[in-house]
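Just below is one structure, and these are the notes that go with it.
Throughout, a chain's letter reflects where its sequence line sits, starting with A, and its residues are numbered from 1. Worth saying up front: this structure is predicted, and the values here are computed from it rather than measured.
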There are 2 protein chains.
Amino acid sequence: MNDVARVAGVSLGTVSHVLNKPEIVSAKTMARVTAAIDQLGFVRNDAARSLAAGRSNTIGMILTDVGNSLFVDIARGAEDAASSAGRSLLLANSDVTFTKQESYLDIFNEARVAGIILAPLDAGLDGVDRVRRHGRNIVLVNYAGDRTDCCSVVVDEEHGGYLAATHLMDIGRTRLLFAGGPQDLHAVNARREGARRAVRERGGSVSLDVVHSRNLKSSSGRSIAQDLITSGALPDGILAPADQLAAGLIHELTDAGISVPTDVAVIGYDNNQFASEAAIPMSTVSQPGHDMGREALRLLVDEIDNPRTHEHQRVTLQPTLIVRRSTTMPSPLRT
Amino acid sequence: MNDVARVAGVSLGTVSHVLNKPEIVSAKTMARVTAAIDQLGFVRNDAARSLAAGRSNTIGMILTDVGNSLFVDIARGAEDAASSAGRSLLLANSDVTFTKQESYLDIFNEARVAGIILAPLDAGLDGVDRVRRHGRNIVLVNYAGDRTDCCSVVVDEEHGGYLAATHLMDIGRTRLLFAGGPQDLHAVNARREGARRAVRERGGSVSLDVVHSRNLKSSSGRSIAQDLITSGALPDGILAPADQLAAGLIHELTDAGISVPTDVAVIGYDNNQFASEAAIPMSTVSQPGHDMGREALRLLVDEIDNPRTHEHQRVTLQPTLIVRRSTTMPSPLRT
DNA sequence: CTGAAAGCGCTTACAG
DNA sequence: CTGAAAGCGCTTACAG
């Protein structure tokens, strides 16, 4: 920047002004300085800028699992909102690992980012305290426990389960199974409760069984399906709290000659990319990932820009039902 | 850090030493300083550190498309290697958009990261020059054009096409079709050439037709399949240069009552997550994403640490064939 | 092994 | 509208 000032024949402060407050610089000076910048190929040193200004322009985002398209959607939403707001977004992948989440929190903290968007693991929100203690703004997305001391954007998981169960009952299924999922995942529990409520409200003779599994992967779906087949007591509608799990279920059922959806209708959760690509396109509950990311970034920027007037809030978005062939009676004639 | 020095009763420089060169500090001083750090909850300001040291500890990585699991694997590989090397990795998603790629390049350049790993678009490598002119280390991954002035990690795309075509011929297919893909994508062209070479080398009466498509999405696969069905001239083996495309093809063929793989064997490319989850698990060519990321980071760190002795090199990794049901004759009896 | 001091490249009141 | 100067929080030779 010194070089730029020399070449342009102005002072250091003036160069800084054309970069940060172009509106207070005269057109002539402006032109001289930008010419010098171009000529020299000058690129502002952001480390120095952050240090001098006491704040940075970039926002850090920590995703639970970039292999899950929900988080990719969230990142895209945040990215779109960030570029509209003139901020840059840097991503980190905690990869469902608590220590990685904590470590990235520290990295962003050391980098003095303007704020952090965290999609936290259920495992714990200790890091949030640590970061907030340093005055760093943080907003939680996708899961927020019961925290009210920072902004958060969550999805109504209970409603998602409710939607899925209601849909299965609407197509006439009466022996439902909520299949799989660890018992200690907040989202899974909420979805299960939503399904329970739907069945309760419907009344009548609809039953809802529950089985658990170690994780939400397709292998768990397969083993659940095998157990069902062995037991001989098949449900006629299955709710899986994840598309992967549902894919494993469908796979194994179909292989055993059990027809999906005729014998058993299956609905997943998350609307992952492959849900629509499968040979039996999968019904699912879709979470508004893009909106989640956008909202989270909006809240964060408000907190950064208006530290005095900002009030923490929890934004709850609604999931939507997506009906595909895995819960649709095949029509005798395809159009 | 001033506060830490005061509380510990040592000088500023000493605190810096315990953070950066713990081996030259006495045990007693070390203990006093770390105690003070804990007590104060001190977190080093990375902006100041980068500025004073003239270099940063973090590495920036720009991915073409985090929605594609290949890039997620690359990120994971780089992340693993980075944490072993004591560096932190920050991600950005160019989302197959050239302007975003350029903008992130500039952001990392402004941030004075220690180095950049770029998975570039075919669209152009201008930004690479701009960044290198500022002395920033950069390594290219997945695609490198013909650049030899920086390190790169690529996959032998031609060999991938060769593997796929050879496999189809090995299972007795003789009327092959290389289906889809824009004509201006380097990777697609190389895969097609590999397939051609395989057919040529095999000799005999195997034919290889080629059709193009606007993109690599499943909708393109569907429309290609429709055209084939309409024309009535079906191949008995199809190579698709992307799993998505293959999924669309399989979908549409199956819906029309054409059996995959009995009538038409289909092989995809990339080994995306959904390839194994599909109702007809898909054969595909797998790229070693994790290794690509790891290698790229290794090359970058070598360039950063040994600027004098470092020599640019291109590492070419080999893809592998993954055979699944979409190219396997179904056995009459399942075990 | 430790301390004092210069300097990294910016921003930002403050004068003018 | 522009310039001079202090200061952001560290690192790093250099003495001792």
When you measure from the side chain of [X], which nucleotide among [options] comes out closest?
{"X": "B/V25", "options": "D/dC10, C/dT12, C/dT2", "result": "C/dT2"}
{"X": "A/L51", "options": "D/dT2, D/dC8, D/dC10", "result": "D/dC8"}
{"X": "A/A52", "options": "C/dG9, D/dC1, C/dT2", "result": "C/dG9"}
{"X": "A/H17", "options": "D/dC10, D/dG3, C/dC10", "result": "D/dG3"}
{"X": "B/L12", "options": "D/dC10, D/dG9, D/dT2", "result": "D/dC10"}
{"X": "A/I24", "options": "D/dT2, D/dC10, D/dG3", "result": "D/dT2"}

Verify the distance criterion only: is there a donor paired with an acceptor across the side chains of [X] and [Y] at less than 3.5 Å?
{"X": "B/N93", "Y": "A/E79", "value": "no"}
{"X": "A/N137", "Y": "A/R132", "value": "no"}
{"X": "B/D305", "Y": "B/H310", "value": "no"}
{"X": "A/S69", "Y": "A/D73", "value": "no"}
{"X": "B/S94", "Y": "B/T97", "value": "no"}

What's [X] touching, base or sugar-phosphate or nothing? Going by heavy atoms closer than 4.0 Å.
{"X": "B/G54", "value": "nothing"}
{"X": "B/V15", "value": "nothing"}
{"X": "A/S26", "value": "sugar-phosphate"}

Reading DNA chain C from 5' onward, which residue's closest nucleotide shows up sooner: B/E23 or B/A48? B/E23

[X] side chain N/O closer than 4.0 Å to the phosphate oxygens (OP1, OP2) of [N]?
{"X": "B/T29", "N": "C/dC1", "result": "no"}
{"X": "B/R49", "N": "D/dC8", "result": "no"}
{"X": "A/S11", "N": "D/dA4", "result": "no"}
{"X": "B/R32", "N": "C/dT2", "result": "no"}
{"X": "B/S50", "N": "C/dC8", "result": "no"}
{"X": "B/T14", "N": "C/dG3", "result": "yes"}

In whole angstrom, give the distance that lies between atom [atom1] of [X] and atom [atom2] of [N].
{"X": "A/N2", "N": "D/dG3", "atom1": "CG", "atom2": "P", "result": "13 Å"}
{"X": "A/N20", "N": "D/dT2", "atom1": "CG", "atom2": "P", "result": "15 Å"}
{"X": "A/M1", "N": "D/dT2", "atom1": "CE", "atom2": "C1'", "result": "14 Å"}
{"X": "A/L40", "N": "C/dG9", "atom1": "CG", "atom2": "P", "result": "14 Å"}
{"X": "B/K28", "N": "C/dC1", "atom1": "NZ", "atom2": "P", "result": "13 Å"}
{"X": "B/N45", "N": "D/dG7", "atom1": "CG", "atom2": "P", "result": "18 Å"}
{"X": "A/K21", "N": "D/dT2", "atom1": "NZ", "atom2": "P", "result": "15 Å"}
{"X": "B/M30", "N": "C/dC1", "atom1": "CE", "atom2": "C1'", "result": "14 Å"}

Considering Watson-Crick and G-U wobble pairs with both distances under 3.5 Å, what does C/dA13 pair with? none

Both distances under 3.5 Å, Watson-Crick or G-U wobble: report the partner of D/dA4, or none. none

Salt bridge (Lys or Arg N to Asp or Glu O under 4.0 Å) between A/D65 and B/R76, intermediate numbers included: CA-CA 11 Å; A/D65 180 10; B/R76 289 220 179 90; 3.3 Å; yes

